[in-house]
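Below is one structure; the comments refer to it alone.
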Amino acid sequence: MSRPRQDPDLVRPYVRTGGRTRPNTDVRLESVVFAATGTRPGLNTDARRVLALFAPAQGGGLAVAEVASALALPPSTTRILVADLIEHGLMTLARRQDDRPPASLLERVLHGLRAHA
């Protein structure tokens, strides 16, 4: 019979998210997030770990998938943690722009790429 693991960092994903399985905000793995300025007392360990990835000097955003990878957390758990930080005003979500180029331009680029391949 094996002994229980003694890893103090072993926390089940449902405990990290308060039993939730979906984020309240539409946060996808490819979503880019930025840390907002300020803090809030009483943040849990996971929230502090997420925010620590965004050094003030860095100033750039990270995809949610990158956050999950850096913290070795399940992607679904990370989506919920990031959504919570967005709701508390500690992170912002980069907005997608619908300024897509016309389909005719994309077709010309595709034909050009195929011609030079």
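The structure presented is a predicted model; accordingly, all values stated were derived computationally and were not measured.
A donor-acceptor pair under 3.5 Å is absent between the side-chain atoms of R79 and the main chain of L29, judged by distance alone.
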Between L51 and M91, does a side chain to side chain contact (heavy atoms under 4.5 Å, CB included) hold up when you go through it step by step?
CA-CA 8 Å; L51 291 174; M91 295 194 87; 3.9 Å; yes
Between V33 and T92, is the side chain to side chain contact (heavy atoms under 4.5 Å, CB included) condition met? List the steps.
CA-CA 6 Å; V33 291; T92 58; over 6 Å; no
L62 and V32: side chain to side chain contact (heavy atoms under 4.5 Å, CB included), yes or no, with the steps?
CA-CA 5 Å; L62 293 172; V32 176; over 6 Å; no
Check the pair L43, H88 against side chain to side chain contact (heavy atoms under 4.5 Å, CB included), reporting the backbone distance first and the verdict last.
CA-CA 10 Å; L43 287 177; H88 292 301; 5.6 Å; no
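Here CG of L90 is found 16.0 Å from CZ of F34. Values are rounded to the nearest 0.5 Å. Between atom CG of residue N44 and atom CG of residue D84 there is a gap of 8.5 Å, rounded to the nearest 0.5 Å. Going from atom OG1 of T77 over to atom CG of L71 covers 11.5 Å, rounded to the nearest 0.5 Å. Atoms CG and CD1, on L81 and I86 in that order, are 11.0 Å from each other to the nearest 0.5 Å. For the atom pair CG (D26) and CG (L93), the distance works out to 8.0 Å, reported to the nearest 0.5 Å.
Taking the side chain to side chain contact (heavy atoms under 4.5 Å, CB included) definition, one finds that S69 meets it with nothing, sequence neighbours left out. Take A68 and apply the side chain to side chain contact (heavy atoms under 4.5 Å, CB included) test, not counting sequence neighbours, and it matches T78.
Closest approach of A63 to E66, counting heavy atoms only: N-OE1, 2.7 Å. The two residues A35 and F54 have their closest heavy-atom pair at CB-CB, 3.5 Å.
Here R48 does not pair with D46 in a salt bridge; the nearest charged N to carboxylate O distance is not below 4.0 Å.
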